[in-house]
Amino acid sequence: MRERLADEIGKALGRILETAGDREPLPGLTVEPPRQKDHGDFACNGAMLLAKRLGRPPREIAESLIAELGDAGGLLARAEVAGPGFVNLWLAGDRWQALLLSILRAGPDYGRSDVGKDQPLQVEFVSANPTGPLSTGHGRQAILGDCIARLLGNAGYDVTREYYFNNGGRQMRVLGESVRARYLERLGRAAPPAEAALKDEDAAWPAELGGLPVVFPRDGYQGDYIGEIAQQLIDECGESLVDEPGDGRFRAEAERTIFAEIRATLDALGIAFDVFFSEASLYEDGKIEETLAALRETGLVYEEGGAVWMRFSELGLDRERVLVKSSGEPTYLLPDVAYHREKFERGFVRVIDVQGADHKDQGPFVKAAVQALSLDPERVEFVFHEFVTLSSGGETIKQSTRKATFITVDELLEEVGPDVFRLFMVQRRSESHLDFDLDLAKEQDWTKNPAYYLQYAHARTHGIERQAEARGVPMPDPDAVESGRLDLPEELELIRKLGEFPETVLRAAETRAPHHVAYYLRDVAGLWNPYIQDKDRHGILTEDAELTAARLALTLAVRIVLARGLALLGMSAPERM
RNA sequence: GCCCCCGUAGCUCAGUUGGAUAGAGCACCGGUUUCCUAAACCGGGUGUCGCAUGUUCGAGUCAUGCCGGGGGCGCCA
């Protein structure tokens with residue numbers, strides 16, 4: 001409807017320009033719902049755009065536009081000039097009611113789009129190495145990535161969700177050593193490091209305490225889960241592993257256990273990945289060597305101090321980077337480039353990497369390397385999200401990764417459940433810091449907790465249906481509804497808001513910004529909840545059968561939008577609460 | 001020192017890619033009602049949009065510079 005109107009206006013403006021002998025196209029034309037309701041259903045800035053080119057006052061041009069536009073092929077009831085030269089437009093009376101019926105006919109497909117044309121696209125997110133449970137920061141990324149994937153799927157793309165992980169390297173060796181240390185400590189064959197030494201990075205780190213060796217690594221993982229894995233090994237293998245190296249059985253067992261826990265956490269969040277991609281496979285398949293060879297062909301690779309470098313300054317970046325250390329081991333950058341090369345080979349039209357703010361500096365290097373390999377860097381896109389803080393009672397809860405005092409996703413889920421968790425994590429734009437208000441999240445009152453506020457609005461549509469059923473009132477057939485009976489301002493406003501759903505979710509997909517959906521749903525629920533509450537004025541079930549059917553139709557349309565919107569955020573849409 | 005992000009109501013934050021009188025939630029203060037689900041609904045906002053220049057019909061939005069907060073700048077990942 002908006003497109004058709006914009007089209008008519010574009011044509012009318014074209015005719016005005018043509019009369020003045022101007023055939024250039026006009027940029028920046030907007031036809032959008034104004035902030036103020038009394039400024040009409042849509043407002044258009046066209047006259048102001050032409051003012052300079054035609055050398056006439058904008059309000060005068062606006063008058064010409066209205067005359068030229070007429071009723072826009074039956075779409076318009078009224079148009080008037082306002083402010084500096086806006087043209088405010090009111091749609092012909094039955095347009096909103098027609099919109100309601102089209103929502104009902106589309107049903108669960110309302111808001112879907114095929115702009116993606118089934119093109120393959122990849123969203124990579126979480127990508128946490130299996131060294132410990134998912135933190136709240138990972139949790140934000142998990143929800144953000146998952147919602148972006150859902151939105152792109154809704155926009156008609158063939159989306160692959162991918163989790164990239166590295167189960168080799170130094171981190172994992174340290175992990176294995178940490179487990180081994182706890183294993184030996186529990187068997188009384190090693191001593192744990194002193195508490196003071198653990199807390200203070202500068203404190204002395206004795207090799208022996210009370211006659212026992214201290215084997216816990218200086219930069220080891222201190223979380224309780226390490227001890228639990230060690231205990232598990234004691235239960236299964238007893239003392240048979242005392243001579244096992246940390247990098248062997250201990251490391252493997254830790255990886256297996258931790259990965260299982262990560263997957264269970266993701267499962268609890270309602271997130272399923274299509275591909276778990278291991279960095280190690282890039283070595284096994286020779287992709288690392290291939291990529292290095294390809295990079296050498298760019299002529300930007302050189303050796304210095306026994307290491308292999310790439311001259312990124314030639315690509316407009318501020319410093320050079322090491323690809324292969326003097327030890328012969330690649331840095332993380334080389335496999336990352338190889339990985340992106342591999343993504344391109346899989347034919348994705350677009351790969352979206354969702355990453356934490358601490359990776360912001362890396363993106364340009366990967367892009368530059370991709371471009372140097374003659375691949376289109378525009379196909380790689382990064383979505384960075386800022387960190388998460390938790391607060392309660394107005395105080396920020398202190399967290400530290402190193403000291404393992406961070407709150408895990410699992411712990412948070414136990415407190416608030418996946419639906420609340422998801423909404424809170426997606427309620428902010430990704431570039432903003434996110435303060436997770438634990439008190440509000442735990443709030444059970446649906447009027448206060450924003451997640452329940454949305455879900456309850458949906459449940460109420462079912463409550464109304466149950467009530468109708470109890471009274472023997474059938475749910476309406478969309479083709480037989482007299483939607484013209486819906487003529488109260490709040491009803492029209494609600495329908496108008498429902499009409500914004502498709503463009504809202506499409507914009508959210510295109511800008512990789514799921515928070516738009518959260519805010520939109522809040523708006524819908526914020527119209528719907530008061531509407532049905534004011535029973536005297538517009539009870540749904542009335543004496544008037546025709547009016548009742550129309551309002552039940554509105555109820556169903558609201559349900560369609562809320563259910564679909566909640567699904568796009570990965571939240572459940574309960575029928576009763 | 002350099003790079004990236006943020007700065008909007010008491011608090012937490014949106015702001016439809018430059019539009020009209022800048023909006024929500026939480027909190028707070030009043031009023032009405034006892035309902036289809038826990039009580040709900042209605043009303044109540046005088047904000048230097050961090051500061052300053054600039055761009056233009058028009059700036060919270062764009063550019064530049066400063067101030068404040070966060071992140072990053074390793075042969076760690």
Side-chain angles (χ1 to χ4, degrees), chain A residues 28 30 32-36 39 43-45 47-49 51-52 57-58 82-86 88 127 129 131 166 168-172 219 279 304-309 317-319 321-333 335-336 356-364 384-387 389 391 394 427-437 439-440 443-450 452-453 456 459-460 462-468 470-471 500 503-504 507-508 510-511 513 515-516 518-520 522-523 526 529-537 539-541 576-577:
Chain A
T30 60
E32 55 192 16
R35 289 198 190 131
Q36 304 278 328
H39 288 154
C44 170
N45 66 347
M48 289 176 306
L49 293 174
K52 202 164 198 178
F86 286 98
N88 292 342
S127 296
N129 289 338
T131 57
N166 180 11
R170 208 187 68 87
Q171 277 192 349
M172 293 302 289
D219 52 355
E279 183 184 316
E304 190 178 297
V308 179
W309 292 72
L317 292 168
D318 61 356
R319 63 186 194 276
R321 297 287 305 273
V322 170
L323 297 175
V324 184
K325 300 183 237 177
S326 55
S327 66
E329 209 175 358
T331 60
Y332 124 103
L333 181 60
D336 215 29
D358 52 342
H359 283 72
K360 269 192 287 195
D361 193 46
Q362 300 299 329
F384 295 110
H385 65 89
E386 291 293 332
F387 292 143
T389 52
S391 69
Q427 249 184 330
R428 303 282 172 253
R429 46 205 277 266
S430 60
E431 317 87 64
S432 283
H433 284 259
L434 190 153
D435 182 65
F436 193 108
D437 184 341
D439 300 330
L440 187 60
E443 179 63 65
Q444 290 302 302
D445 181 347
W446 70 266
T447 63
K448 294 197 174 123
N449 189 312
Y452 297 148
Y453 189 80
Y456 185 48
R460 281 176 128 170
H462 285 274
I464 290 166
E465 180 170 351
R466 284 190 292 272
Q467 191 69 17
R471 296 194 201 171
E500 290 173 18
E503 61 199 79
T504 301
R507 187 165 58 93
E510 282 169 348
T511 56
H515 75 278
H516 287 304
Y519 277 87
Y520 171 80
R522 165 69 221 187
D523 284 347
N529 280 329
Y531 172 72
I532 53 173
Q533 197 65 36
D534 193 355
K535 210 181 168 187
D536 293 339
R537 184 144 179 225
I540 303 293
L541 305 171
R576 57 175 83 230
M577 290 174 73

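When reading the values below, keep in mind they use all heavy atoms of this one structure, side chains included, and skip hydrogens, waters and symmetry mates.
One P atom belongs to B/C11, the other to B/G44, and the distance between them is 23 Å to the nearest Å. Taking the C1' atoms as reference points, B/U8 lies 16 Å from B/U46, given to the whole Å.
Shown here for A/Ala307 and A/Val322, the closest heavy-atom pair between the two residues is CB-CG1, 4.2 Å. Contact record, A/Glu386 with A/Ser432: CB-O, 3.6 Å, taken as the closest heavy-atom pair.
One finds a side-chain N or O of A/Arg522 lying less than 4.0 angstrom from the OP1 or OP2 phosphate oxygen of B/G25.
Distances were taken from every side-chain heavy atom of A/His39 (C-beta onward) to each of B/A20, B/A38, B/C41; the shortest belongs to B/A20. The side chain of A/His359 approaches B/A77 more closely than any other nucleotide in the set B/G19, B/A77, B/A20. Comparing B/A20, B/A14, B/G19 by their closest approach to the side chain of A/Ala43 singles out B/A20. In the set B/G19, B/C26, B/C41, B/G19 carries the atom at the smallest distance from any side-chain atom of A/Glu32. In the set B/G71, B/C42, B/U37, the nucleotide with an atom closest to the side chain of A/Ala357 is B/G71.
For B/U48, the base is anti relative to its sugar; the glycosidic angle deviates from 0 by more than 90°.
For the pair A/Lys448 and A/Asp439, the salt-bridge criterion is not met [side-chain N within less than 4.0 Å of a carboxylate O].
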> Given pairs defined as Watson-Crick or G-U wobble with both distances under 3.5 Å, what dot-bracket annotation applies to RNA chain B, with ( ) intrastrand, [ ] crossing, | other strand and . unpaired?
Replying inline: (((((((..((((.....[...)))).(((((.......))))).....(((((..]....))))))))))))....
Review item, nucleotides 73-76 of chain B N/O atoms under 3.5 Å of protein N/O:
residue, atom, partner, partner atom, Å
B/C75, O2, A/Ser326, N, 2.9
B/C75, O2, A/Ser326, OG, 2.8
B/C75, N3, A/Ser326, OG, 3.3
B/C75, N4, A/Gly305, O, 3.0
B/C76, OP2, A/Lys325, NZ, 2.8

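Looking only at atom types and distance, the side chain of A/Thr389 has a donor-acceptor partner in the side chain of A/Asp435 under 3.5 Å away.
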> What string of B, S and - do you get for nucleotides 27-34 of chain B, 5' to 3', if B is base contact, S is sugar-phosphate-only contact and - is no contact with any protein heavy atom under 4.0 Å?
Replying inline: S-------
> What string of B, S and - do you get for nucleotides 5-13 of chain B 5' to 3' if you count protein non-hydrogen atoms under 4.0 Å?
Replying inline: SS-----BS
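Judged by distance alone, the side chain of A/Asn449 and the main-chain N or O of A/Leu440 form a donor-acceptor pair under 3.5 Å.
Toward the 5' end of RNA chain B, the nearer of the two residues A/Leu333 and A/Asp445, judged by each one's closest nucleotide, is A/Asp445.
A/Phe384 CZ to A/Lys360 NZ: the interatomic distance, rounded to the nearest 0.5 Å, is 8.0 Å.
Stacking of A/Phe86 onto the six-membered ring of B/A20 is present: less than 5.5 angstrom between centres, less than 30° between planes.
Residue A/Asp336 is classed as having no contact, given no heavy-atom separation below 4.0 Å to the nucleic acid.
Using a 30° and 60° split on the angle between ring planes, A/Tyr456 and A/Trp446 fall in the tilted class, from 30° to 60°.
Each of A/Thr331, A/Val308, A/Leu333 was scored for a side chain to side chain contact (heavy atoms under 4.5 Å, CB included) with A/Val324, with one residue passing: A/Val308.
Every residue two or more places apart in sequence or in another chain that forms a side chain to side chain contact (heavy atoms under 4.5 Å, CB included) with A/Pro335 is listed here: A/Tyr164, A/Glu279, A/Leu282, A/Tyr283, A/Ile288, A/Pro330. Every salt bridge (charged side-chain N to carboxylate O under 4.0 Å, His left out) that A/Glu329 has, sequence neighbours left out, goes to A/Lys325.
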